[in-house]
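Here the structure is laid out as C-alpha cells; the discussion comes afterwards.
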Protein chains: 2
Amino acid sequence: MNLNNNSTAMDAIQKFREYIKEKGLRNTPEREMIIEEIFAIHNHFDVDELFLRLRNKKKRISKASLYRAIPLLIDSGLIKEVYFENGHLHYEHIYGHKHHCHLRCVSCGRIVEFADDEIVSIQNKIGKNYGFAITSHRFELLGYCSQCEQKQKTCTERNTSIKTLKRHQAIDMSIQTKNPHNQRGDTRR
Amino acid sequence: MNLNNNSTAMDAIQKFREYIKEKGLRNTPEREMIIEEIFAIHNHFDVDELFLRLRNKKKRISKASLYRAIPLLIDSGLIKEVYFENGHLHYEHIYGHKHHCHLRCVSCGRIVEFADDEIVSIQNKIGKNYGFAITSHRFELLGYCSQCEQKQKTCTERNTSIKTLKRHQAIDMSIQTKNPHNQRGDTRR
DNA sequence: TTATTATTGAGATTCATTTTCAATTATAGC
DNA sequence: GCTATAATTGAAAATGAATCTCAATAATAA
Ligand SMILES: [Mn+2]
Ligand SMILES: [Mn+2]
Ligand SMILES: [Zn+2]
Ligand SMILES: [Zn+2]
C-alpha cells in the first residue's frame, strides 16, 4: 500500500534472491509473490490466511508451494514461526524488524509485542553458565490484559465446569526438527 | 522404581482426585494409571511414548483416553506442554517440580533446564508497563551446546545444500485455544 | 441396588502438512 | 537465442496427530 511496505518487500525479495543463489536453488515468480504478500501482512499470519490473501489478488499459488516456501523463508531469515495455535503454526515476517517478544492474554487472546534489553543479559549469563553459544531466544509472557482482568473481578461465579475445558492448551511451541520425516493463536503484530 | 517417584505420583493422584471432585467429574483407574506412568517418566514425553509405555506394562489404555486425559492433567496443574516438535506436542509433569526454563541446542537437540530469578522481575516490569496481570512465562534459549560448537569450529565445509532443510522449524509453540473446535522435540528433562 | 450419566475403546473423521508425479520452467552452457 | 538439466509447480493422494461418534461399561449419588 504505502511506500514503506513496498520497499521492505523489495529488500526482502532481494535478500531472498541472494539466498537462492547461494544455495544453488532457482527463484520463481511464485516465491516472490509469496514474499510480497507476506510483507504486506502486518500481523502474525498462518498458511491459510496467506493462501486466501493471494487468491483474492488472483495469485493462484497452491498450498503445496506455500508449505514448500516457508522453510526457505525461515532459513533465509525473512520470517519466523511465532506460535502454534488452533492446530497450526503462525508466522511473522522478521526481515527489517527488531526482535521482540510477546505478551499474551490467556483470556481474550490479545497479543502485545515488547522488547527488553535485560533479556539479553540473562541470555548471556545462562549461556556462559551452561557452555552454550546462544543464538536466539523465545520469551512469552502469559496473563490477563487489563480488560479481561476487569471482567474477572466483576464476575463472582467461578467456572467449575469441565465443559469449557479446551483441548490443546498449547502455548507457543514448536521445534527445529532434525529429520526430514513427516511432521506436522490471534494474530496481532 | 524408587520411593520418591512413587510418593510424588501418589501425591499427584491425590491432587487429581480433589480436582475431579471439585469439577464434578468421575475418576477412573485409567486416569490414575496414566498419572502414575507420567510421573514415572523423567523426561519430556509425548502421547505416543506414554501410550507405548503403558502398553508395555499391559495397561491397555486407548489413545483417545490419553488425549482426553491431557487437558484435565493440565488444568489440574499436574503437567504442562513444553514444546511442539516433529509435528506434535511434548509434555512434562510439573507437580512437585520447580518452574524452569529450557536451553536447547539447535544442532543436536540437547535440552538443558535452568531457573533464573531475574526473569520474574522482568516479567513484573513488563506486566506493569502494559497493564497485564502476568500469570506465567515461557522462556527458551536457543543455541549450540559446547559439543556442537566444537564441531562447528573444526568443520570447514559449510552446509549449503537445501536438501538438509527441514520443514517445520517450529520452536516451542502452542496456544491456549479459545474455541472447542477441532485443532490440533528430544525429550530430556 | 438402581438410576443417571460420565468415561471408555474402537473406529471413523478431520484437517494441517507432506509427498507423489507429470507438466512446466528457471538456469547454465553453448 | 536454443538446449539440456533438473528444480519447481499444482493437483491430488497420502500421512498422521488429534478429535469425534457411539455403543458398551462403570463411577457416583440417592
Ligand atoms: Mn510479533
Ligand atoms: Mn523441562
Ligand atoms: Zn484479554
Ligand atoms: Zn548440541
For this session: Decide yes or no, distance alone: a donor-acceptor N/O pair under 3.5 angstrom between the base of C:dT5 and the side-chain of B:Arg26.
Result: yes
Problem set entry | Length of the line joining B:Leu25:CG and D:dT28:C1', which is rounded to integer Å | 12 Å
For this session: Indicate whether OP1 or OP2 belonging to C:dT7 is found under 4.0 Å from a side-chain N or O atom of B:Arg31.
Result: yes
Exercise. Which whole-number value in Å describes the distance from B:Leu66 CG to D:dC20 P?
Worked result: 16 Å
Problem set entry | Between C1' of D:dT15 and CG of B:Asp48, the distance in whole Å | 14 Å
For this session: Decide, yes or no, whether a salt bridge links A:Glu30 with A:Lys59 under the criterion of side-chain N to carboxylate O below 4.0 Å.
Result: no
For this session: Using only side-chain N and O atoms of A:Thr28, determine if any of them is under 4.0 Å from OP1 or OP2 of D:dA7.
Result: no
Exercise. Is there a side-chain polar atom (N or O) of A:Tyr67 under 4.0 Å from OP1 or OP2 of C:dT17?
Worked result: yes
For this session: Check every strand shown and say whether A:Asn27 touches a base, only sugar-phosphate, or nothing at a heavy-atom separation below 4.0 Å.
Result: sugar-phosphate
Exercise. Between B:His137 and B:Gln123, is any side-chain donor less than 3.5 angstrom from a side-chain acceptor?
Worked result: yes
Exercise. Once you round it to whole Å, what is the distance between P of C:dT8 and CD1 of B:Ile20?
Worked result: 9 Å
For this session: Just compare C:dT8, C:dT19, C:dG11 and give me whichever is closest to any side-chain atom of A:Ala64.
Result: C:dT19
Seminar exercise, completed: B:Ile70 atom CD1 is separated from D:dA17 atom P, nearest whole Å, by 13 Å
Seminar exercise, completed: Exactly one candidate in A:Arg53, A:Arg31, A:Arg55, A:Lys58 meets salt bridge (charged side-chain N to carboxylate O under 4.0 Å, His left out) with A:Glu37; the answer is A:Arg53
Exercise. Quick one: do the B:His100 and B:Glu92 side chains pair a donor with an acceptor below 3.5 Å?
Worked result: yes
Exercise. Between D:dA18, C:dA16, C:dT19, which one does the side chain of B:Val47 approach most closely?
Worked result: D:dA18
For this session: Could you tell me the separation between the OH atom of B:Tyr91 and the C1' atom of D:dA18, rounded to a whole number of Å?
Result: 9 Å
Problem set entry | Value in whole Å for how far the C1' atom of C:dT18 lies from CG of A:Leu89 | 14 Å
Exercise. How long is the line joining CD1 of B:Ile35 and P of C:dT7, in whole Å?
Worked result: 13 Å
For this session: Could you tell me whether the side chains of A:Tyr19 and A:Asp75 share a donor-acceptor contact shorter than 3.5 Å?
Result: yes
